[in-house]
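Naming convention: chains lettered A, B, ... in sequence-line order (proteins, then strands); numbering from 1 in each chain.
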2 protein chains.
Amino acid sequence: MNPPSTYHSVAANLQSWIMSGELPPGSKLPSERRLCERLGVSRVNARDAMHFLEGQGLIYRLNRIGWFVAPAPFIYDPTRTHSLLDEAKSQNRKLDTELIQAARVPAPLAIARKFGIPATTEVLNVLRRRAVDGRWVLLESCYYQEDDFPNLLDQDLTASLNALVRNTYGFKRRRQNIGISSKPLDQVQAQQLRVREGSPSLKLSRDVIVDGRCVVAEAEHWLHDAIEMRMRGRTTG
Amino acid sequence: MNPPSTYHSVAANLQSWIMSGELPPGSKLPSERRLCERLGVSRVNARDAMHFLEGQGLIYRLNRIGWFVAPAPFIYDPTRTHSLLDEAKSQNRKLDTELIQAARVPAPLAIARKFGIPATTEVLNVLRRRAVDGRWVLLESCYYQEDDFPNLLDQDLTASLNALVRNTYGFKRRRQNIGISSKPLDQVQAQQLRVREGSPSLKLSRDVIVDGRCVVAEAEHWLHDAIEMRMRGRTTG
DNA sequence: CAGTGGTCTAGACCACTAC
DNA sequence: TAGTGGTCTAGACCACTGC
C-alpha cells in the first residue's frame, strides 16, 4: 500500500529474512550503513525500522556493537521456590551467573523502609548478572537483613540464593510480596548488560516475609524481550 | 558534562519543568517545533529527548495529537477477585469502561486450544477499553465458552465481568493461570488506545480453570507506563 | 586502526486532528 | 485550514569496539 521505502517495508524485509531462517536467532544483522545501501534508504529510516523491530522483540542490540536476532523468550514463574537453574535446564537453555558484588552496605532508603530499620543500618547486598544462552538478560540485586543471614557473604553466591535462604538459613514458612512493572535501565544497569541507557526492562521485585517481618528484598531487571512470566494454578475465591 | 545541546540535556530540561510542577500530570507539552526553537536544537534531537522520556514513563503521546505528562501508574493486583472499579475507587482514580464489541465469533486458534475445542467452534468474545483518569490505557479481550455462559451477551457488559462470572454464573471455585509479558500493540489495538502502532504494553493473560477445564480466557493490554502490578501474600514452600 | 552504532543538523513532505 | 506529530533525505562528527 505504501511506497516501498517506508521503514515499515524495511522492517518487513528484515522480518522476512529472519522468519525464513536466513538470519537465525542470535545471528548478527548487517550493519546499518550496509542496509541503507542495499535497500536504498537513508540511515534514519533504517534505524527507525530497527527500533520498530526492537519494540516487537524480534531483534535486540548490544551497545555500539550491533543488532542481533532475538531468541525466544525465557519462560519464568516469579512465584517459584526452586532455582532458576532448574527452570533453565527444563527449557534446554544455558544459564550463566556472574557475581558482580557481594558486600555489607548502608541500607538504601527504600530497603530500610521495607526492613523497618533506620536508613543508616548496614545490610547485605548481592548483585549478579545472568545470561541465557550467552546473552546477558538479567540483573539481580538482593538485600538481606544482616542478623538473619550470618556469614552469608562466605557462601557460594553464584548458586541459587533461593535455596540458600530456604535450606541453609531455614526460612521455609514465608510469604512473598511480588511487584511487576516496566522500568527503563539506568546508566549503570545498562552498562552491566551491555545495552543502551533507558533500555526497557521488566522489573520484578520480591519481598520475602517471615513472621510478618521482611528479611529479604530482591529486585530483578529482565530485558523486556527476553522474558515471559507465567504463574500456574493460583486459587482464588 | 556534555555540551548543552545533546538530547539528554533537552530531556533534563523537560524533566525539570515536569518535576517543578510547571507541567502538571496530564498537561500537554509544547509542540516539537516550538521546543526546537526555544532550546535551539534540531527536531530530531528534540524527538529523541521525547522518546527517551517516554521510555522513562515520564511522558506519553497520543498519536498525532501531542505529548503529555504521564500521571502516576495505576496499581493493580492481577490475582484480584474483586472488580477493577473498586480498586480504582480505593486509589481515588476515575475508571471509564467502553464496550467495543460483544459477539459470538469463531474461536481463534489459540483460544480453541486453551478451551480444548475445534477451531471452528463459536465462542463469546467481549472487547472493551478502559480509561484511568480520562486516559485510555487498557484493552481487554475476553473469551467465554458459550455453553458455560448462556445469555452472556444480554448482560451488562460494562460492569465487572469478574463479578458476572463469579456471581451470576456461579464459578466460585476456580484456578487461574496468569501470564505477564511485554508486547507491542498491533495496528488495531494501537488505534483503539489512540497511540502509535508498536507502542509497548504489558500483556496480562488470565485463564480461568474450573474442574480442570478452561472456561474463560482473558487478555489485557496495558500501556506500559500506566500500570504497576503487585501481588500480596503469596505463600510458598 | 577501521568499522560500528550513537548523536546531530537543516531542511522536506505527508497524514491526521481540531477547529 | 492551520498546526500537530509521523516519516524521510543526505549528509556530518563522536564514542566506542574489535582487531
Is a side-chain donor or acceptor of B:T97 paired with a backbone partner of B:R130 at a separation under 3.5 angstrom?
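Not confirmed, B:T97 side chain does not pair with B:R130 backbone.
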Please report the distance, rounded to the nearest Å, between [atom1] in [X] and [atom2] in [N].
X	N	atom1	atom2	result
B:L62	D:dG3	CG	C1'	16 Å
B:M50	C:dT7	CE	P	17 Å
B:R34	D:dG3	CZ	C1'	9 Å
A:E37	D:dA10	CD	C1'	14 Å
B:E32	C:dG11	CD	P	17 Å
B:R33	C:dT9	CZ	P	16 Å
A:H8	C:dA15	NE2	P	14 Å
A:E54	C:dG5	CD	P	13 Å

Among A:R128, A:K203, A:R206, whose salt bridge (charged side-chain N to carboxylate O under 4.0 Å, His left out) with A:E218 holds?
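Between A:E218 and the candidates, salt bridge (charged side-chain N to carboxylate O under 4.0 Å, His left out) is satisfied uniquely by A:R206.
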With nearest nucleotides of DNA chain D determined for A:S42 and B:H51 from heavy-atom distances, which residue corresponds to the more 5′ nucleotide?
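This one resolves to B:H51.
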Of all the choices, C:dT7, D:dT9, D:dT7, which nucleotide is nearest to the side chain of A:V41 once you look at every atom?
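Given the options C:dT7, D:dT9, D:dT7, the side chain of A:V41 is closest to D:dT9.
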B:N45, nearest nucleotide to its side chain (from D:dT7, C:dC8, D:dG5):
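Selected nucleotide: C:dC8.
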Could you give the distance from CD1 (A:I180) to CG (A:L204), rounded to the nearest 0.5 Å?
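It comes to 5.5 Å.
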Donor-acceptor pairs under 3.5 Å, side chain of residues 63-74 of chain A to any protein atom, not counting sequence neighbours: which ones?
residue: A:W67; atom: NE1; partner: A:E32; partner atom: OE2; Å: 3.1

A:Y76 six-ring centre to A:R230 NZ/CZ under 6.0 Å and within 45° of normal:
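The answer is no, since A:R230 fails at least one limit relative to A:Y76.
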Check: C:dG6 base within 3.5 Å donor-acceptor of A:R43 side chain
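For A:R43, whose side chain was compared with the base of C:dG6, there is a donor-acceptor pair (under 3.5 Å).
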Which residue pairs satisfy the salt bridge (charged side-chain N to carboxylate O under 4.0 Å, His left out) criterion with at least one member in residues 82-91 of chain A, sequence neighbours excluded?
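The answer is none; no pair qualifies.
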When all nucleic acid strands are considered with a 4.0 Å heavy-atom cut-off, which category describes B:R61: base, sugar-phosphate, or nothing?
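Sugar-phosphate contact only - B:R61 comes under 4.0 Å of backbone atoms but never of a base.
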Within the structure shown, what part of the strands sits under 4.0 Å from A:R47 by heavy-atom distance: base, sugar-phosphate, or nothing?
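Since a base atom lies under 4.0 Å of A:R47, the category is base.
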Hey, is the side chain of A:S31 poking within less than 4.0 Å of OP1 or OP2 on C:dT4, counting only N and O atoms?
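For C:dT4, OP1/OP2 do have a side-chain N/O of A:S31 under 4.0 Å.
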With a 6.0 Å cut-off on the ring centroids, do A:Y7 and A:H51 count as close?
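Centroid distance A:Y7-A:H51: not below 6.0 Å, so no.
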Taking only nitrogen or oxygen atoms into account, show me every contact under 3.5 Å that the protein makes with nucleotides 16-19 of chain C, one pair per line with its distance.
residue: C:dA18; atom: OP1; partner: B:R194; partner atom: NH2; Å: 3.4

